[in-house]
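Each chain gets a letter, A, B and so on, in the order its sequence line appears, and its residues count up from 1.
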Protein chains: 2
Amino acid sequence: MPNMPLNTAPTSPGTGAFVQHVTSSTPPRGTRGTPGHGQPRERDALRAAQLYYLQDLTMESIAKELAVSRSTVSRLLSMARRTGLVNIEINAGGDRSPMLVRELEHKFGIKVHVVPTDGALADAEILERVATHAAHVLNTLVSSGMTVGVAWGSTMQALSLALTRKPTHDTLIVQLNGAANPQTTGLTYASEILQRFGAAYTARVEQFPVPAFFDQASTREAMWREGSVRRVLGVQQGMGLAVFSLGATEAAVPSQVYRGGYLSAAESAALHEHGVVGDVATVFFDGSGSDEGIEINSRATGPTLRALRKVPRRLCVLSGAGKLRALHGALAGGLITDLVLDEGTALRLLNAPPSSSH
Amino acid sequence: MPNMPLNTAPTSPGTGAFVQHVTSSTPPRGTRGTPGHGQPRERDALRAAQLYYLQDLTMESIAKELAVSRSTVSRLLSMARRTGLVNIEINAGGDRSPMLVRELEHKFGIKVHVVPTDGALADAEILERVATHAAHVLNTLVSSGMTVGVAWGSTMQALSLALTRKPTHDTLIVQLNGAANPQTTGLTYASEILQRFGAAYTARVEQFPVPAFFDQASTREAMWREGSVRRVLGVQQGMGLAVFSLGATEAAVPSQVYRGGYLSAAESAALHEHGVVGDVATVFFDGSGSDEGIEINSRATGPTLRALRKVPRRLCVLSGAGKLRALHGALAGGLITDLVLDEGTALRLLNAPPSSSH
DNA sequence: TCCTTTTGTGCACATATGTGCAAATGAATT
DNA sequence: AATTCATTTGCACATATGTGCACAAAAGGA
């Protein structure tokens, strides 16, 4: 009775083409098995995956059937998982889901995914778990032909690293908001996040090469009339899914936006003045989930909340303690349709009353 | 780095309710973990499944987190799979599928699933593999609210035994054709097949309590006007999916229909006369896939091919050597939209020219 | 209340699986 | 042709996993 490997082997990058090999101790391959398949290695991987996951054969017997060693089968299966050939999903829907999830879904009218977390886990571990879990959820939401808006930040970074491959066609990944700032030159990592999404879904990537905030609102207006920018904004219009986390002013570990030199001290103070509790893609909102009347938003580059709400599916990935007020605001503003969050935060969300704004 | 168990443990029936237990060596449970979930065992199973399949944790660490022994985690995961909480699917779609599949799909314009089979496999093993594979394919086709027509026969029997649980709502399983005959009293096994489908999909089952063939066509006409029969026929009208195999006159192991006392010698001879190559749900067809002009069909109880073709999705499960001519006929007649078959048959199907009928 | 039956648990052992390492292969280059 | 380089393979060993078994805890009956 077989088991089922899972780990993503820390093997080499391995982007290269597949090439046929012949073992000396074994009769030459190529005549074996079904003729006329694709690259031999991928063909074997599919075959192995079918026999292992569908037929419950042991790796040993699969090895015999493919005329390779057992360890090769192990590696084939490992590859099959990494490349998304095998897809494992957990059906937590309906009456099977724990009461916590059901209560949250009922209370807020959205789809909720609670990531199990042990109380003793460090914040970094929680983030990683949430990201991994969210990656699987994302796989069920992304489909061919879809345009997916993607924000950036530490949570999105973790998510991008946890993505599992799911090849699609004609999918388009579009950056939600600019990422450049006066302090750091590169901020290549925003683009790296995008690239990883693109690789995972074999999708084209549309970057948004503008700063996170303009210094002058008038400059933004001017830029927004530029053809190159209008094109990206046009792509954003077609989004079927937006993926983002929330920035929170009160977070123990302050969000990317509140470090990194994006905001001046004066600006931070102004945010507090207006009762801002958090942001989505560098657009700030108050406790009621409104982005209006906040000066800096006129210089921000993320979609207005009004525009965001037009996206049919809006997945928020949230990890950790300090973002509760931001989450309440975002929920009040109807910004979220699908939520992934850790168990601790979920519990607090259920119990804690929405903080009175300001 | 964890592995992933697969086998359906041969444990006791276990239909009973879940009950909380307390171990002496362990502090009482119930205070642990998220409060307010469903039955503790199912709650743990979900949690374990998420940690194991999504987070790639080892069973050992999950055991620690759930405060149970590692073996319990193993059993929880085993249960999670059996009950369909965990769903494993293989994405063989698009350009990743082997050329054999692509060629068949192109040639016949249908969706094809080829079950890998070693050349040295016995017929019974091939049947089992095909059935197991088909069960997974079926899971992707059956959805809530759907009416599924199900035939009977040895292949359907094997399929029913290989089904994996996938709970749905408002699904309806309806028997495609009568199964009683003058020889065997029970033929309980036709109903057992149906029951298994019902159990796997938590669906209501609609039986069709008529003989496989009437002695007199006029009796059928009369019965077809009966309210009870009309109700079943009405349900059949709503089918979104039909699942069947093919009977073949030439099969090495003759199909159920050609043994079992369903047909007299004279009837068998008449079938050959008319160039019959096989049947679907006891409705016979010739090499071109037509059921017309075949006397016995006026006494049969399965849906006419015209009626069958109205079902949007028609899954044919086929295993073994001798059914090639029947398959060619069924394909010519456009009876099939989705096909599951073993590799050997698939190869012959691709190469062999359609047998000239009669 | 006592007894029987059912169900779940941990233990220990037999299998099954993942992976570092060295050897072997095939392709590309000199 | 010889050489280099990047992959791939099989081996062997360390882990990880499945399961028979005996026992403990609940549930049901008398």
Item to check | Ser71(A) side-chain N/O to dC11(D) phosphate OP1/OP2 under 4.0 Å | outcome: no

Next on the checklist: Please evaluate residues Glu125(B) and Arg129(B) with respect to the criterion salt bridge (Lys or Arg N to Asp or Glu O under 4.0 Å), reporting the C-alpha separation (whole Å), side-chain torsions for both, the decisive distance (0.1 Å), and the verdict.
Outcome noted: CA-CA 6 Å; Glu125(B) 291 171 312; Arg129(B) 280 207 186 176; over 6 Å; no

Item to check | Arg196(A) vs Tyr201(A), side-chain contact (heavy atoms from CB on, under 4.5 Å): CA-CA, chis, key distance, verdict | outcome: CA-CA 9 Å; Arg196(A) 289 197 203 97; Tyr201(A) 297 107; over 6 Å; no

Item to check | Side chain to side chain, Ile90(B) and Leu54(A), heavy atoms closer than 4.5 Å | outcome: yes

Checklist entry - Nearest to the side chain of Met59(B) - dT17(D), dG10(C), dT19(C)? => result dT17(D)

Item to check | Spacing of Arg75(A) atom CZ relative to dT17(C) atom P, expressed in whole Å | outcome: 14 Å

Checklist entry - Given atom CG of Leu66(B) and atom P of dT9(C), what is their separation to the nearest angstrom? => result 11 Å

Checklist entry - In whole Å, what is the span from the CD atom of Glu60(A) to the C1' atom of dG10(D)? => result 13 Å

Checklist entry - For the pair made of CG in Leu76(A) and P in dT19(C), what is the distance, rounded to whole Å? => result 14 Å

Item to check | N/O donor-acceptor pair under 3.5 Å between Thr171(B) side chain and Thr168(B) backbone | outcome: no

Item to check | Interatomic distance, Arg70(B) CZ vs dT19(D) P [rounded to whole Å] | outcome: 12 Å

Checklist entry - Roughly how many Å is it from CG in Leu77(B) to P in dT19(D), rounded to a whole number? => result 13 Å

Checklist entry - Does the side chain of Ser69(B) get closer than 4.0 angstrom to OP1 or OP2 of dC11(C) through an N or O atom? => result no

Item to check | Whole-Å distance separating the CG atom of Leu51(B) from the P atom of dA16(D) | outcome: 16 Å

Next on the checklist: Tell me whether the side-chain N/O atoms of Thr58(A) come closer than 4.0 Å to OP1 or OP2 in dT15(C).
Outcome noted: no

Checklist entry - Between dT9(C) atom C1' and Asp44(B) atom CG, what is the distance in whole Å? => result 13 Å

